[in-house]
Amino acid sequence: MTGMTLIAFIVVVLGVGLFLFRAIPAIRAYFTYRGKRLITCPETQQVAAVDVASGEAAVGAFLTEPTLRLTECSRWPERETCGQECLQQIEVDPENCLVWNIVSQWYEGKHCVLCHKTFGELHHLDHAPALLSRDRKTVEWRELRPEQLPAVLADHQPLCWNCHVTETFRRIHADLVVDREPEPKRMM
Ligand SMILES: [Zn+2]
């Protein structure tokens with residue numbers, strides 16, 4: 001190896017090393033900041049649902065540190081010119097304001113109000129669990145607007161997906177469903 005190629009080799013190795021060194025915080029920022037979040041809007045003191053530009057946060061983290069900016073808010077487009085002060089709440093605790101984590105924590109350890117099955121942690125590939133209202137209507141949590149979730153969770157009972165399907169069928173085909181008492185076992 002000549003002197004020049006050796007220097008070129010060292011430069012390439014250092015470059016790759018530096019790239020990987022910066023790529024790790026960038027990837028971490030991307031996964032930390034993606035997803036729908038619930039914050040308390042500093043202007044209204046009400047819940048709002050927001051999205052952070054996770055790609056931009058990753059680029060920021062690659063160069064120096066993650067720069068946070070909203071790409072969506074449930075109060076937009078009316079309030080699109082707001083100062084995005086809610087970003088502070090996300091910066092302080094990015095995990096606990098993530099909708100997925102809020103819902104997962106709410107279900108975990110609770111029991112289905114009808115079949116008493118215990119809920120574990122939420123999984124993306126599973127059927128979404130549902131909720132039962134006071135007037136016995138069922139809804140999958142994913143069908144709700146995220147900013148409605150805190151109020152709905154406070155007012156509904158947890159329902160597993162199977163019971164949600166059964167209850168929905170029962171509501172739509174009320175005329176077809178007959179609740180039979182199980183027949184008493186005959187004594188021999
Ligand atoms: Zn159930």
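Only a predicted model underlies this, so the values are computations on that prediction, with no experimental measurement involved. Whatever order the structure lists them in is the order used to number ligands and atoms, beginning at 1.
- For V165, the side-chain contact (heavy atoms from CB on, under 4.5 Å) partners two or more places apart in sequence, or in a different chain, are W161.
- Sorted by first and then second residue, the side-chain hydrogen bond (donor to acceptor under 3.5 Å, both in side chains) pairs with a member in residues 108-124 read H111-T118; sequence neighbours excluded.
- Listed by chain and residue number, the protein N/O/S atoms under 2.8 Å of the Zn ion (ligand 1) are C112 SG, C115 SG, C160 SG, C163 SG, with waters left out.
- Under the side chain to side chain contact (heavy atoms under 4.5 Å, CB included) rule, W141 has a single partner from L153, V152, L131, which is L131.
- Scanning all heavy atoms of the two residues, the minimum distance from T138 to H164 falls at OG1-ND1, 2.7 Å.
- Listed here is the closest heavy atom pair of N96 and Q105: OD1-NE2, 3.6 Å.
- W76 pairs by the ring-ring contact (aromatic ring centres under 6.0 Å, His included) definition with nothing, not counting sequence neighbours.
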